[in-house]
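This report refers to the structure that appears directly beneath it.
Just so you know, these numbers use all the heavy atoms, side chains as well, and skip hydrogens, waters and symmetry mates. Both ligands and their constituent atoms are indexed starting at 1 by order of listing.
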Amino acid sequence: MEEPNETDRQATAPGVLFELRGVERRYQRGSAPVVALHGVNLDVPSGDFLSIEGPSGSGKSTLLLLLGALEVPTAGSICFDGQRLDRAGDAALTRMRAERIGFVFQQFNLVPTLTAADNVAVAMVALGTARAERRERARSLLEQVGLEHRTDHLPSRLSGGEQQRVAIARALANRPQVIVADEPTGNLDSANAAEIMRILSELQDDEHPVTIVVATHDEGVATRARRRIRLRDGTIVDDVATGT
Ligand SMILES: Nc1ncnc2c1ncn2[C@@H]1O[C@H](COP(=O)(O)OP(=O)(O)OP(=O)(O)O)[C@@H](O)[C@H]1O
Ligand SMILES: [Mg+2]
């Protein structure tokens with residue numbers, strides 16, 4: 001018998017991390033359905049650095065929620081590293097998010113009562129990482145984002161750019177395969193936005209590069225990506241490699 005939270009598996013082309021086919025996400029608003037995404041077909045190779053652009057309401061956040069296993073499509077299939085997200089139960093999705101996906105949001109979403117180091121360390125609790133290792137890894141991740149001198153600060157004592165760097169360190173805590181970032185520079189000035197994008201780009205230089213998907217309104221941010229996807233009215237209207 002299958003384990004209750006076993007996810008359906010499906011073969012995809014080699015090196016493909018996400019495979020979306022005919023993806024639709026529909027919401028019910030009052031009596032009227034809203035189709036936030038429809039007819040989305042997308043392959044994301046492992047290690048890609050993707051920007052998702054498009055006007056407000058075009059479906060960027062909806063697409064990120066689906067890639068981040070926070071929501072499931074109302075039609076179509078999403079394969080993540082060979083596993084069908086659209087057929088997975090809540091327990092499997094929760095486990096996948098904790099183990100394999102890192103999230104970065106416009107509002108940083110740090111716990112205000114925890115230090116920078118503890119904000120990063122708590123992300124590792126779900127995976128049962130030992131306390132000493134959580135601390136050690138939190139420090140090394142904060143060092144990686146240039147915050148080794150801020151480990152014991154509360155978020156309120158950090159600038160917006162610093163808070164977002166803590167959020168990136170937290171997103172990396174469990175060595176995710178993918179970082180999903182929704183307008184990560186939306187609350188930052190251009191210098192801090194550039195710094196955040198530099199840090200994200202550096203994740204790509206590793207031997208085991210992280211796949212990065214960033215939704216953004218900011219042209220300067222999007223040009224740092226390797227591939228730019230544009231949405232309009234819930235469908236992909238442009239998909240170009242930048243040559244970066
Ligand atoms: N939970 C929901 N319930 C109802 N409608 C929703 C829900 N979430 C999104 N929508 C609708 O789906 C469409 C796409 O929304 P989405 O948030 O994905 O757009 P977006 O491109 O991220 O916009 P923005 O640039 O403003 O963040 C919009 O029409 C939105 O109103
Ligand atoms: Mg959005």
Side-chain angles (χ1 to χ4, degrees), residues 17-44 48-80 85-86 88-90 93-94 96-97 101-110 160-161 163-164 167-168 170-171 176 178-190 192-194 196-197 199-200 211-240 242:
L17 187 63
F18 287 103
E19 184 194 272
L20 283 68
R21 292 292 179 266
V23 164
E24 176 203 270
R25 184 64 171 103
R26 192 181 276 269
Y27 295 105
Q28 201 63 32
R29 191 155 46 197
S31 56
V34 178
V35 183
L37 283 179
H38 60 98
V40 171
N41 299 311
L42 178 66
D43 282 356
V44 180
D48 209 356
F49 187 172
L50 207 70
S51 77
I52 314 266
E53 300 162 70
S56 185
S58 59
K60 303 183 294 296
S61 295
T62 304
L63 181 55
L64 289 195
L65 291 171
L66 295 175
L67 296 176
L70 284 158
E71 291 196 353
V72 288
T74 43
S77 65
I78 301 185
C79 215
F80 171 48
L85 296 185
D86 51 292
D90 283 344
L93 292 173
T94 301
M96 222 173 285
R97 287 195 299 270
I101 303 167
F103 296 93
V104 179
F105 302 97
Q106 181 172 354
Q107 313 288 351
F108 320 135
N109 292 3
L110 300 178
Q163 289 185 60
Q164 196 60 304
I168 291 173
R170 177 183 57 187
V178 57
I179 298 266
V180 171
D182 198 352
E183 311 265 4
T185 63
N187 284 353
L188 303 178
D189 59 42
S190 58
N192 275 300
I196 292 300
M197 291 312 285
I199 288 168
L200 290 177
T211 303
I212 302 173
V213 187
V214 182
T216 185
H217 275 109
D218 184 337
E219 187 72 18
V221 165
T223 52
R224 299 295 300 264
R226 199 181 298 161
R227 176 179 174 197
R228 297 174 66 172
I229 283 179
R230 176 167 295 277
L231 290 173
R232 194 191 304 141
D233 298 330
T235 52
I236 294 176
V237 292
D238 238 336
D239 182 348
V240 291
T242 61

Closest to atom 27 (O) of ligand 1 among protein heavy atoms sits S61 OG, 3.9 Å
Within 4.0 Å of some non-hydrogen atom of P55, the atoms of ligand 1 are 21 (O)
One finds that the ligand 1 atoms under 4.0 Å from a non-hydrogen atom of H217 are 25 (O)
N or O contact, V34 vs ligand 1, cut-off under 3.5 Å:
no
Residue, atom and distance of the protein heavy atom nearest atom 4 (C) of ligand 1 read Y27 CB, 3.3 Å
(Q) Quick check against the 3.5 Å criterion: does K60 have a side-chain atom that pairs as donor or acceptor with the backbone of L231? (A) no
Taking C-beta and beyond as the side chain, do V178 and L67 meet within less than 4.5 Å on heavy atoms? no
Flag side-chain contact, heavy atom, 4.5 Å: L85 against L66: no
| request: Look at the side chain of S51 and the backbone N and O of R228, then say whether any donor-acceptor pair between them is shorter than 3.5 Å. | output: no
Short version for T62: what comes under 4.0 Å of ligand 1, heavy atoms counted, is both
Hey, does the side chain of E183 reach the backbone of V214 with a donor-acceptor pair shorter than 3.5 angstrom? no
So the protein N/O/S atoms within less than 2.8 Å of the Mg ion (ligand 2) come down to S61 OG
Nearest heavy-atom approach of P184 to A215 is CD-O, 3.7 Å
shortest atom 12 (O) of ligand 1-to-protein heavy-atom contact is with A36 CB, 3.2 Å
The answer for which part of K60 has a heavy atom under 4.0 Å from ligand 1 is both
With D189 as partner, the option from T185, N192, N187 fulfilling side-chain contact (heavy atoms from CB on, under 4.5 Å) is N192
The closest protein heavy-atom partner of atom 30 (C) of ligand 1 is R29 NH1, 4.3 Å
**Q.** G54 heavy atom under 4.0 Å from ligand 1
**A.** no
When you measure from the side chain of T74 to the backbone of R26, do you find a donor-acceptor pair of N or O atoms at a distance under 3.5 Å?
yes
Ligand 1 to S56, heavy atom cutoff 4.0 Å, flagged ligand atoms 23 (O), 24 (P), 25 (O), 26 (O)
| task | Before accepting this row, confirm whether a basic side-chain N of the pair R227/D239 lies closer than 4.0 Å to the acidic partner's carboxylate O. | result | yes
> Between D238 and I229, is there a donor-acceptor pair closer than 3.5 Å when you use the side chain of the first and the backbone of the second?
Replying inline: no
Review point. Side chains of D48 and L17: closer than 4.5 Å at any heavy-atom pair?
Key: no
Nearest heavy atom to atom 14 (C) of ligand 1, choosing from G234, A215, G57, belongs to G57
- prompt: Going by heavy atoms in the side chains, are L64 and F103 under 4.5 Å from each other?
  reply: no
